[in-house]
Structures are given as structure tokens and as C-alpha cells.
Amino acid sequence: MKASKLLLTLITIFTVLLLAACGGNEDKEKETAEQPKEKEETSYTVEHAMGSTTLEKTPEKVVILTNEGTEALLALGVTPVGAVQSWTGDLWYDHIADEMKDVQVVGVESQVNVEAIAALQPDLIIGNKMRQEDIYEQLKAIAPTVFAEDLRGNWKNNFELYAKAVNKEEKGKEVLAAYDQRIEDLKEKLGDKVNMEVSMVRFMAGDVRIYHKDSFSGVILEQIGMARPESQDKEDFAEKGVTKERIPAMDGDILFYFTYDEGDGKATEVEKEWIEDPLFQNLEVAKKGEVHKVNDAIWNTAGGVKAANLMLDDLEKHLLK
């Protein structure tokens with residue numbers, strides 16, 4: 001009898017322990033099921049100047065073939081593995097040099113080194129139809145390739161394409177929103193000064209240009225709402241090959257000029273000759289002391305989001321002094 005009671009007690013204890021263990025396992029399974037699963041990356045397709053390109057995942061090794069594209073990637077938090085060399089400076093423009101120390105040079109915009117790109121084994125190449133259309137098929141054979149249409153006008157258009165290409169559209173929206181807020185803040189600070197007529201001139205070794213509205217700096221002035229001299233209030237890029245007889249067309253309330261010097265000093269000589277010319281010195285803007293030299297890379301050549309923000313710094317400094 002005692003043995004039966006003991007056996008019954010042992011069976012009861014075993015049953016309780018078994019049920020507890022089962023319950024524990026169910027709880028663990030439930031907890032595991034409720035835990036969020038790691039998000040699986042899905043492929044995405046980018047429509048661009050040469051068609052459409054599908055990427056299987058967010059690229060980790062990007063090669064960029066334009067200067068403005070380089071600035072876009074850096075602003076998006078992406079350091080390219082390869083990039084075309086800046087037009088001026090020791091490989092890179094001064095304002096991006098610190099961020100480009102470990103980036104490999106793959107030629108210049110107008111002459112890309114395809115072999116150097118292939119050696120980097122990128123998983124995305126970003127280029128430009130205006131610059132590299134003739135080598136698109138070669139690039140496409142190396143890695144998925146996305147091309148912007150052109151390099152003039154509003155830099156934001158290309159920036160949005162690049163953000164989509166590297167799968168960072170939300171970050172791209174943040175960058176653009178911050179820039180747009182800077183534009184609004186500057187407008188407010190300027191007040192009636194937005195009515196000042198801003199003149200822009202560029203000196204090169206073999207050319208002098210008066211810049212219009214469809215240029216990098218012209219678009220930025222337009223966004224702020226700045227006025228332009230009547231002779232420059234045009235929707236095209238620039239008046240090229242101007243002669244000294246056109247110096248009167250350079251007048252305005254304030255004049256900014258930038259010089260593209262390739263290191264041989266020739267463009268700087270052209271700048272000096274024109275700035276010191278009696279006809280230029282007789283301009284009302286020169287008499288008022290409102291002629292200002294600014295950085296060519298920032299106001300024209302770099303053409304990207306970082307340069308755009310630095311140009312706003314220059315405008316604020318000179319217009320709100």
C-alpha cells in the first residue's frame with residue numbers, strides 16, 4: 001500500500017515537471033516568434049538616362065565618374081572606392097580632400113580609365129551620359145551602371161538619382177531639406193537685398209564668360225530669388241567668348257568673378273588684364289568696391305551639394321557684411 005502511494009506521488013511529481021517543461025518551451029517558442037526578424041534586403045530598380053538598372057542589394061563599393069556626383073555620395077555618407085579626379089587641386093578639391101584620402105583615382109570626367117574601374121571590382125558605377133555615353137556598354141559589363149542625363153542646371157536632379165542608386169533616398173531627402181532650409185533662412189536675412197542685381201563673370205585661359213541663369217551658380221541665385229542684370233537675366237548657360245566691348249554687360253549692384261586656372265597661371269593673367277582694364281574699372285560696381293573674387297570650384301566647377309552650401313556661405317558673407 002505504501003509502495004503504491006509512493007509510486008502515485010512520483011508519477012504526480014513527474015507529470016507536473018513535464019507540464020512545466022512543455023510550458024517553458026512553448027513560452028520560448030512564442031518569444032522567438034515574436035522577435036523581429038532581420039530585414040532582408042530586396043532588389044530595386046533605378047530608371048536613368050540609359051534605361052533601367054536593377055541592383056540586388058545596397059551597393060558597398062561605388063565608383064563615381066563626375067565631380068558633382070562625388071559630392072553627392074559624400075553628403076549621403078558614402079565614400080566611393082573610386083572617383084574621377086577633381087578638375088583642380090592636388091587630386092581633389094580642397095573642400096573634399098580630407099574625405100577622399102583613401103579613394104582611388106579612375107581618370108577624369110572626360111577620360112575615364114575603364115581598366116582602373118574594373119580592378120576595383122565595384123558593385124555600382126555612376127556616370128553621366130553627357131560625359132561618358134560612348135563607354136556605357138563597357139562600364140555596364142563591369143558592374144550595374146547608372147547614368148545621369150547631363151551636368152548643367154539644377155544639381156538637385158542628379159542628386160536625387162544618386163540617392164536612389166545607392167539606396168539612400170531617405171538620407172537624400174534629409175540633405176535636400178537641410179539645404180532648402182538654408183535657402184529660406186538666407187532669403188529672410190537678406191530682406192530687400194534680394195533685389196540687388198548679381199553679376200557673374202568667369203575667366204579662363206582662352207575664354208571669358210558672363211554667366212546666366214542655367215548655370216550651377218545661376219540656379220542657386222534663382223532659388224534665393226536674387227535679381228540679375230538685364231543682360232544676364234537669360235534662361236541659358238552663359239555668354240561665351242566675350243570681348244572687352246562687352247564689359248558694360250558685366251555691371252550690376254555686386255559682381256562675383258571666378259577664375260579657372262590649371263596651374264600654369266595663364267587664366268590668372270587673363271583675370272588681371274580684364275580687372276585692371278579702364279573699361280572694367282569704370283563700371284559702377286567697380287567704383288562702389290563691390291567686385292569680389294570667389295572660388296571657381298565652389299561657384300562653378302565642383303557643381304555639387306557641398307559646393308552649393310559653401311556658395312551660400314560666400315553669399316551670406318558678402319551680401320550681409
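- Within the model, atoms CG of L319 and CG of L186 stand 7.0 Å from one another, a figure rounded to the nearest 0.5 Å.
- Looking at N158, its side chain never comes within 3.5 Å of a backbone N or O of G69 through a donor-acceptor pair.
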Legend entry - Check against side chain to side chain donor-acceptor pair (under 3.5 Å), S52 and T45: CA-CA 7 Å; S52 63; T45 300; over 6 Å; no

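- The pair E290-K321 counts as a salt bridge, with a side-chain nitrogen and a carboxylate oxygen less than 4.0 angstrom apart.
- Centroid-to-centroid, the aromatic rings of F258 and F203 stay 6.0 Å apart or farther.
- M130 has its side chain out of reach of E149: every pair of non-hydrogen atoms, C-beta onward, lies at least 4.5 Å apart.
- Hydrophobic clustering places V105 together with V103 (ILVMFWY residues linked when any side-chain heavy atoms are closer than 4.5 Å, directly or through intermediates).
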Legend entry - CA sep, side-chain torsions, deciding dist, call: K213, D233, salt bridge (Lys or Arg N to Asp or Glu O under 4.0 Å): CA-CA 7 Å; K213 294 165 72 174; D233 194 19; 3.2 Å; yes

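- Between the CZ atom of F159 and the CD atom of E68 there is a distance of 10.5 Å, given to the nearest 0.5 Å.
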Inset, instruction - Dump the intermediate steps for salt bridge (Lys or Arg N to Asp or Glu O under 4.0 Å) on D277 and K272, then the final yes or no. - result: CA-CA 8 Å; D277 190 279; K272 185 174 185 295; over 6 Å; no

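- Side-chain N/O atoms of T301 and D296 include a donor and acceptor closer than 3.5 Å.
- More than 12 heavy-atom neighbours from other residues, nucleotides or ligands sit within 6.0 angstrom of CD on Q281.
- Each of I142 and I64 belongs to its own hydrophobic cluster when Ile, Leu, Val, Met, Phe, Trp and Tyr are linked at side-chain heavy-atom distances under 4.5 angstrom.
- Across R209, R202, R246, a single residue satisfies salt bridge (charged side-chain N to carboxylate O under 4.0 Å, His left out) together with E239, and that is R246.
- Using a 4.5 Å heavy-atom threshold, the side chains of P80 and L74 count as touching.
- Between D207 and K240 there is a side-chain heavy-atom pair separated by less than 4.5 Å.
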Legend entry - Stepwise side chain to side chain contact (heavy atoms under 4.5 Å, CB included) test for I96 and K306: CA-CA 8 Å; I96 63 169; K306 286 181 172 287; 3.9 Å; yes

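- In summary, R182 and D313 engage in a salt bridge, as defined by a charged side-chain N under 4.0 Å from a carboxylate O.
- Counting heavy atoms from C-beta outward, E273 and K244 have side chains that approach closer than 4.5 Å.
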Legend entry - Residues Q223, Y179; criterion side chain to side chain donor-acceptor pair (under 3.5 Å); working and verdict: CA-CA 11 Å; Q223 289 174 340; Y179 173 80; 3.2 Å; yes

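- Residues E99 and E71 form no side-chain contact, since every pair of their non-hydrogen atoms from C-beta on lies 4.5 Å or further apart.
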Inset, instruction - Could you walk me through whether F256 and V201 pass side chain to side chain contact (heavy atoms under 4.5 Å, CB included), step by step? - result: CA-CA 7 Å; F256 296 102; V201 177; over 6 Å; no

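- N300 CG to F216 CZ: the interatomic distance, rounded to the nearest 0.5 Å, is 8.5 Å.
- The side-chain heavy atoms of D214 and K234, taken from C-beta on, include no pair separated by under 4.5 Å.
- For the pair V78 and K168, the minimum side-chain heavy-atom distance is below 4.5 Å.
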Inset, instruction - May I have the step-by-step check of side chain to side chain contact (heavy atoms under 4.5 Å, CB included) for V108 and N113, ending in yes or no? - result: CA-CA 8 Å; V108 294; N113 187 330; over 6 Å; no

Inset, instruction - Could you check W92 against D98 for side chain to side chain contact (heavy atoms under 4.5 Å, CB included), going step by step and ending with a plain yes or no? - result: CA-CA 9 Å; W92 315 113; D98 287 346; over 6 Å; no

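- Side-chain contact of D185 with Q181: a donor-acceptor pair under 3.5 Å is present, judged by distance alone.
- The hydrophobic cluster containing Y93 also contains Y260, counting ILVMFWY residues as joined when their side-chain heavy atoms lie under 4.5 angstrom apart, directly or transitively.
- In this structure, T53 contributes its side chain and T145 its backbone to a donor-acceptor pair below 3.5 Å.
- A salt bridge does not link R228 to E197: none of the charged side-chain nitrogens sits closer than 4.0 Å to a carboxylate oxygen.
- Using a 30° and 60° split on the angle between ring planes, Y136 and H48 fall in the tilted class, from 30° to 60°.
- Counting only heavy atoms from C-beta outward, the side chains of M200 and L221 approach each other to under 4.5 Å.
- Hydrophobic clustering of Ile, Leu, Val, Met, Phe, Trp and Tyr side chains at less than 4.5 Å, counting indirect connections, unites I254 with I224.
- Judged purely by atom type and a 3.5 angstrom limit, D123 uses its side chain to pair as donor or acceptor with the backbone of K61.
- Under the 4.5 Å side-chain heavy-atom criterion for grouping Ile, Leu, Val, Met, Phe, Trp and Tyr, L320 is connected to I298 within one hydrophobic cluster.
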Inset, instruction - Begin with the C-alpha distance, continue with both residues' side-chain angles, and end with the deciding distance and a verdict on side chain to side chain donor-acceptor pair (under 3.5 Å) for T268 and D261. - result: CA-CA 6 Å; T268 301; D261 199 310; 2.4 Å; yes

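- Using a 4.0 Å cut-off between charged nitrogen and carboxylate oxygen, K173 and E170 count as a salt-bridge pair.
- Side-chain atoms of T259 and E271 include a donor-acceptor pair closer than 3.5 Å.
- Going from atom CE of M250 over to atom OG of S199 covers 7.5 Å, rounded to the nearest 0.5 Å.
- Between Y257 and H292, the distance separating the two ring centers is not shorter than 6.0 angstrom.
- In terms of modelled atom types and a separation under 3.5 Å, the side chain of N128 and the main chain of F147 share no donor-acceptor contact.
- I220 and M311 get closest at one heavy-atom pair: CD1-SD, 3.7 Å.
- The residues K287 and D251 are annotated as not salt-bridged, no charged nitrogen and carboxylate oxygen being separated by less than 4.0 angstrom.
- Not a single donor-acceptor pair under 3.5 Å links the side chain of K164 to the backbone N or O of V46.
- A distance of 7.5 Å separates CD1 in I126 from CG in L161, rounded to the nearest 0.5 Å.
- A distance of 10.5 Å separates CD in Q138 from CD1 in I125, rounded to the nearest 0.5 Å.
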